[in-house]
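This report concerns only the one structure given below.
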Protein chains: 2
Amino acid sequence: MPHRLTPAQSMKLWHDVHLAQVHDDEPDLSVRQMSVLLTVYLEAPPHTVRGLAAKLKVTKPVITRALDSMGKLGLVSRRRDDKDKRNVLVQRTVKGVLYLERLGDLIGQTSETM
Amino acid sequence: MPHRLTPAQSMKLWHDVHLAQVHDDEPDLSVRQMSVLLTVYLEAPPHTVRGLAAKLKVTKPVITRALDSMGKLGLVSRRRDDKDKRNVLVQRTVKGVLYLERLGDLIGQTSETM
DNA sequence: GGAGAATGATACGGAACCGAAACAAACCTG
DNA sequence: CAGGTTTGTTTCGGTTCCGTATCATTCTCC
C-alpha cells in the first residue's frame with residue numbers, strides 16, 4: 001500500500017461499496033458471514049467449524065448457520081475429514097471464487113474514484 | 001488516492017475490518033443499516049425516509065426499521081420537519097459521529113498494514 | 001373545505017439469526 | 001472396551017428482519 005487511507009477516504013470507500021452491495025441483486029451477507037467467507041478464501045486450509053469459531057470468537061452454531069446459508073448460496077461447501085471424521089472441512093467453490101473476485105474488483109474500482 | 005487497490009489488497013482490507021467488527025462488542029450493523037448510516041453522515045442533509053429509500057433503492061419500511069434499530073443504539077435520531085410535518089428528518093448524533101470516526105480510523109489503520 | 005396525493009409508520013406472516021443447552025457421532029485413553 | 005473428550009449439529013425460546021399491504025397524518029389544489 002502506498003499510504004494509509006484518511007478517515008474520510010475510508011468512510012467514502014465503505015459507503016460506496018456497501019451501497020453497491022445493497023443495489024445489486026445478490027442477498028447481502030451479514031458481517032459474520034462475510035468474515036467466514038473471506039477467512040476461508042484468504043487463509044490457508046484446512047478450515048474447520050471449530051477453527052473458524054475460534055478465529056471469529058463466536059460460538060460454533062454461528063459458524064454452522066453461516067455455512068448453511070452460504071452453502072445454500074453456493075459460496076462454500078462442506079466435506080467430512082477422512083482422517084478424523086468428527087471434523088468438517090470447509091471447501092471453496094467456483095461460485096465463491098467468482099463472488100469474491102467481483103467483490104475485490106468492486107472495492108478496487110471504488111478506491112480509484114476517490 | 002495514490003492508486004487503485006489490487007483485488008488482493010481489497011479483499012484483505014475487507015476481511016480485516018469485518019473481522020474487527022465481529023470482534024468488538026458493539027452489535028454488527030447490517031449492510032443496509034451501514035449504508036443508511038454512512039449516507040446520513042456523508043451526504044448533505046436533509047435526509048428523509050423517502051429520500052433514503054430512493055437512494056438505497058429499498059422500500060420505506062426498510063428505512064423505518066433501520067432508523068428504529070440505529071435509533072435504539074443512539075447512532076441517529078429523528079425529528080419532524082416543521083415546514084412539512086409529513087417529513088421526518090434524520091439527524092446525526094454525537095454517538096454516531098464517534099462511531100464513524102472509530103470506523104474510519106480502523107479502516108485507515110488497517111489499510112496501512114497491507 | 002373536501003378529494004386525492006404524499007409521507008412515514010404499523011400490521012402481518014414468514015424467514016433468518018442469536019446464545020445456551022442438549023445431542024449424536026467419532027475419537028482417545030487407560 | 002468403557003468412560004470421557006472432542007466435534008459439529010440440532011433444539012429451544014426469543015429477537016430481528018423481510019416484503020406487502022394497510023393505516024394515520026399532513027399537504028395540495030381546485
Side-chain angles (χ1 to χ4, degrees), chain A residues 18-19 21-40 45-92, chain B residues 18-19 21-40 45-92:
Chain A
H18 276 76
L19 205 51
Q21 299 260 38
V22 173
H23 282 168
D24 74 22
D25 289 332
E26 327 193 20
D28 298 338
L29 298 186
S30 71
V31 175
R32 290 146 95 119
Q33 289 170 344
M34 182 63 78
S35 293
V36 169
L37 186 63
L38 282 164
T39 298
V40 168
H47 297 287
T48 64
V49 171
R50 171 158 190 75
L52 291 167
K55 182 103 197 166
L56 271 69
K57 298 193 176 78
V58 296
T59 59
K60 289 188 292 175
V62 168
I63 304 298
T64 294
R65 281 187 290 256
L67 295 178
D68 286 346
S69 53
M70 291 193 295
K72 251 180 240 173
L73 297 174
L75 300 178
V76 294
S77 70
R78 278 186 262 217
R79 206 190 62 197
R80 278 284 162 189
D81 184 355
D82 288 332
K83 301 298 173 61
D84 181 344
K85 287 176 188 156
R86 290 172 303 180
N87 287 333
V88 160
L89 303 178
V90 183
Q91 312 269 293
R92 300 166 188 170
Chain B
H18 276 75
L19 205 52
Q21 298 259 36
V22 173
H23 282 168
D24 74 22
D25 289 332
E26 326 191 20
D28 297 338
L29 299 186
S30 72
V31 176
R32 292 145 95 116
Q33 288 170 345
M34 182 63 78
S35 293
V36 169
L37 187 63
L38 282 164
T39 298
V40 168
H47 297 287
T48 64
V49 171
R50 172 158 189 75
L52 290 167
K55 182 102 197 165
L56 271 69
K57 297 193 177 78
V58 296
T59 59
K60 289 188 292 176
V62 168
I63 304 298
T64 295
R65 280 187 292 256
L67 296 178
D68 285 345
S69 54
M70 290 193 295
K72 251 181 238 172
L73 297 174
L75 300 178
V76 293
S77 70
R78 276 187 265 217
R79 205 190 64 195
R80 276 286 162 188
D81 183 354
D82 289 332
K83 302 296 174 64
D84 183 343
K85 285 175 188 157
R86 290 173 302 182
N87 287 334
V88 159
L89 303 178
V90 183
Q91 313 268 293
R92 300 166 187 170

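Chain letters run A, B, ... following the sequence lines, proteins first and then strands; every chain starts at 1.
- By the 4.5 Å heavy-atom criterion applied to side chains, A:Ser69 and A:Arg65 are not counted as neighbours.
- Side-chain N/O atoms of A:Asn87 include none lying less than 4.0 angstrom from OP1 or OP2 on C:dA26.
- Residues A:Val49 and A:Thr64 are in side-chain contact: their nearest non-hydrogen atoms beyond the backbone lie under 4.5 Å apart.
- Each of A:Asn87, A:Leu89, A:Val88 was scored for a side chain to side chain contact (heavy atoms under 4.5 Å, CB included) with A:Arg79, with one residue passing: A:Leu89.
- A donor-acceptor contact shorter than 3.5 Å is absent between the side chain of A:Gln21 and the backbone of A:His18.
- The distance between atom CZ of A:Arg80 and atom C1' of C:dA25, rounded to the nearest whole Å, is 8 Å.
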**OP:** Verify side chain to side chain contact (heavy atoms under 4.5 Å, CB included) between B:Arg92 and B:Val76, making sure each step is shown before the conclusion.
**Re:** CA-CA 5 Å; B:Arg92 300 166 187 170; B:Val76 293; over 6 Å; no
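- To the nearest 0.5 angstrom, B:Asp28 atom CG is 8.5 Å from B:Met34 atom CE.
- Taking every nucleotide of DNA chain D with any atom under 4.0 Å from a non-hydrogen atom of chain B, the first and last of them, 5' to 3', are D:dC17 to D:dC27.
- We find that CZ of B:Arg50 is positioned 14 Å from P of C:dA5, with the value rounded to whole Å.
- Taking a cutoff of 4.0 Å between a charged side-chain nitrogen and a carboxylate oxygen, B:Arg78 and B:Asp68 qualify as a salt bridge.
- As judged by a 4.0 angstrom heavy-atom cut-off over every strand, A:Asp84 is placed among residues touching the sugar-phosphate backbone only.
- Within 4.0 Å of B:Lys85, counting heavy atoms only, lie sugar-phosphate atoms of the nucleic acid but no base atom.
- Positionally, the nearest nucleotide of DNA chain C for B:Val49 lies more toward the 5' end than for the other of B:Val49 and A:Asp81.
- No side-chain heavy atom of A:Lys57 sits less than 4.5 Å from a side-chain heavy atom of B:Val22.
- Taking 4.0 Å as the cut-off between side-chain N and carboxylate O, B:Arg86 and B:Asp84 count as a salt-bridged pair.
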Check your understanding: Are A:Val36 and A:Lys55 close enough, and set up right, to give a side chain to side chain contact (heavy atoms under 4.5 Å, CB included), and what steps lead you there?
Key -> CA-CA 9 Å; A:Val36 169; A:Lys55 182 103 197 166; over 6 Å; no
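- Positionally, the nearest nucleotide of DNA chain C for B:Leu67 lies more toward the 5' end than for the other of A:Lys72 and B:Leu67.
- Applying the 6.0 Å contact sphere to CZ of B:Arg50 captures no more than 12 heavy atoms from other residues, nucleotides or ligands.
- Overall bending of the helix from C:dG1-D:dC30 to C:dG30-D:dC1, expressed as the angle between end axes built from five pairs apiece, is 10° (10° steps).
- Counting to the nearest Å, the C1' atom of C:dA5 and the NZ atom of B:Lys60 are 11 Å from each other.
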Which atom pairs link the protein and nucleotides 17-21 of chain C when you take only N or O atoms and keep those under 3.5 Å?
{"residue": "C:dC17", "atom": "OP1", "partner": "A:Gln33", "partner atom": "NE2", "Å": "2.5"}
{"residue": "C:dC18", "atom": "OP1", "partner": "A:Arg32", "partner atom": "NE", "Å": "2.8"}
{"residue": "C:dC18", "atom": "OP2", "partner": "A:Arg65", "partner atom": "NE", "Å": "3.4"}
{"residue": "C:dG19", "atom": "OP1", "partner": "A:Arg32", "partner atom": "NH2", "Å": "3.3"}
{"residue": "C:dG19", "atom": "OP2", "partner": "A:Arg32", "partner atom": "NH2", "Å": "3.2"}
{"residue": "C:dG19", "atom": "N7", "partner": "A:Arg65", "partner atom": "NH2", "Å": "3.3"}
{"residue": "C:dG19", "atom": "O6", "partner": "A:Arg65", "partner atom": "NH1", "Å": "3.4"}

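- For the pair B:Asp82 CG and C:dT7 P, the interatomic distance rounds to 18 Å; values are reported in whole Å.
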